[in-house]
Amino acid sequence: SQQGEEDPQALSIQEGENATMNCSYKTSINNLQWYRQNSGRGLVHLILIRSNEREKHSGRLRVTLDTSKKSSSLLITASRAADTASYFCATDAYNQGGKLIFGQGTELSVKP
Amino acid sequence: GAVVSQHPSWVICKSGTSVKIECRSLDFQATTMFWYRQFPKQSLMLMATSNEGSKATYEQGVEKDKFLINHASLTLSTLTVTSAHPEDSSFYICSARSDYGYTFGSGTRLTVV
């Protein structure tokens, strides 16, 4: 079952601009994770934010989590053409046996 | 860090045949592995949770007789697509949970002709 919904579904920006992707989910979570996937390839883990955290940074990535609104956002600053990929949020929910449920994803295109 | 090896990376098979996909945890023991399916331009859909030494737990709508999962050891889980048909063509990805978090295989592109 899918839990997360992401918007936008597709985002096209110029190199150097910031990209913001949003994710909403439905149940209580242990943590929320963001992944990147290049076309036809496996997943790369980007960042994990726990339910008791509100913001986390990693390099050019900034993730926020609002458990009251059941939503998260991923911000990529100073985007590069190499950031072109699909980005997914995934939730590790309570009482779900440790399985990750993925959002619909955002397809990001960064034009040089 | 934890590494999960998935093979084959791609396979083409004839309709009606069966295909086995392997997922191995290389440097850690995985009591639980997860199998996902991904259609083009779509997200990952969880198919089943594979538990070492016991039966897999399938998500609603996933045919357990169609997608056979075996987790006979702490480092190997296999997914067999039985009597494959063109509509089974998809990208299949496994994942294992370790002390480092979730690690994903590189995926298997299955094309049924």
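Only this structure's heavy atoms are used, side chains among them; waters, hydrogens and symmetry mates stay out. Each chain gets a letter, A, B and so on, in the order the sequences are listed, and its residues count up from 1.
Note: the hydrophobic cluster containing Val19(B) also contains Tyr92(B) (ILVMFWY, side chain heavy atoms under 4.5 Å, direct or indirect links). With hydrophobic clusters built from ILVMFWY side chains whose heavy atoms lie under 4.5 angstrom apart, Met45(B) does not share a cluster with Met47(B). By the criterion of side-chain heavy atoms lying less than 4.5 angstrom apart, applied directly or through intervening Ile, Leu, Val, Met, Phe, Trp or Tyr residues, Val62(B) is grouped together with Ile69(B) in one hydrophobic cluster. Hydrophobic clustering (side-chain heavy atoms under 4.5 Å, transitive across Ile, Leu, Val, Met, Phe, Trp, Tyr) groups Leu74(A) together with Leu11(A). Residues Val81(B) and Leu76(B) fall into different hydrophobic clusters, defined by Ile, Leu, Val, Met, Phe, Trp and Tyr side chains chained together at heavy-atom separations under 4.5 Å.
Using non-hydrogen atoms only and a strict 4.5 Å limit, the part of residues 25-42 of chain B facing chain A consists of Phe34(B), Tyr36(B), Gln38(B), Lys41(B), Gln42(B).
Side chains of Leu44(B) and Leu43(A) form a contact here, defined as non-hydrogen atoms less than 4.5 Å apart. Put simply, the side chain of Phe104(B) does not reach to within 4.5 Å of the side chain of Gln37(A), judged on heavy atoms.
Nearest heavy atom pair, residue Gly42(A) against residue Phe91(B), reads N-CZ, 4.5 Å. Contact between Arg97(B) and Gly98(A) at its shortest, heavy atoms only, is NH1-CA, 3.0 Å.
Using a 4.5 Å cut-off between heavy atoms, Ser106(B) touches chain A through its backbone atoms (N, CA, C, O) alone. Contacts between Gln33(A) and chain B at a heavy-atom distance below 4.5 Å involve the side chain alone, from C-beta outward.
In terms of the salt bridge (Lys or Arg N to Asp or Glu O under 4.0 Å) criterion, Glu52(B) has no residue partners (sequence neighbours excluded).
Taking OG of Ser43(B) as the reference point, atom OH of Tyr35(A) lies at 12.0 Å (rounded to 0.5 Å).
Crowding of Lys20(B) atom NZ: a count of heavy atoms from other residues, nucleotides or ligands under 6.0 Å not exceeding 12.
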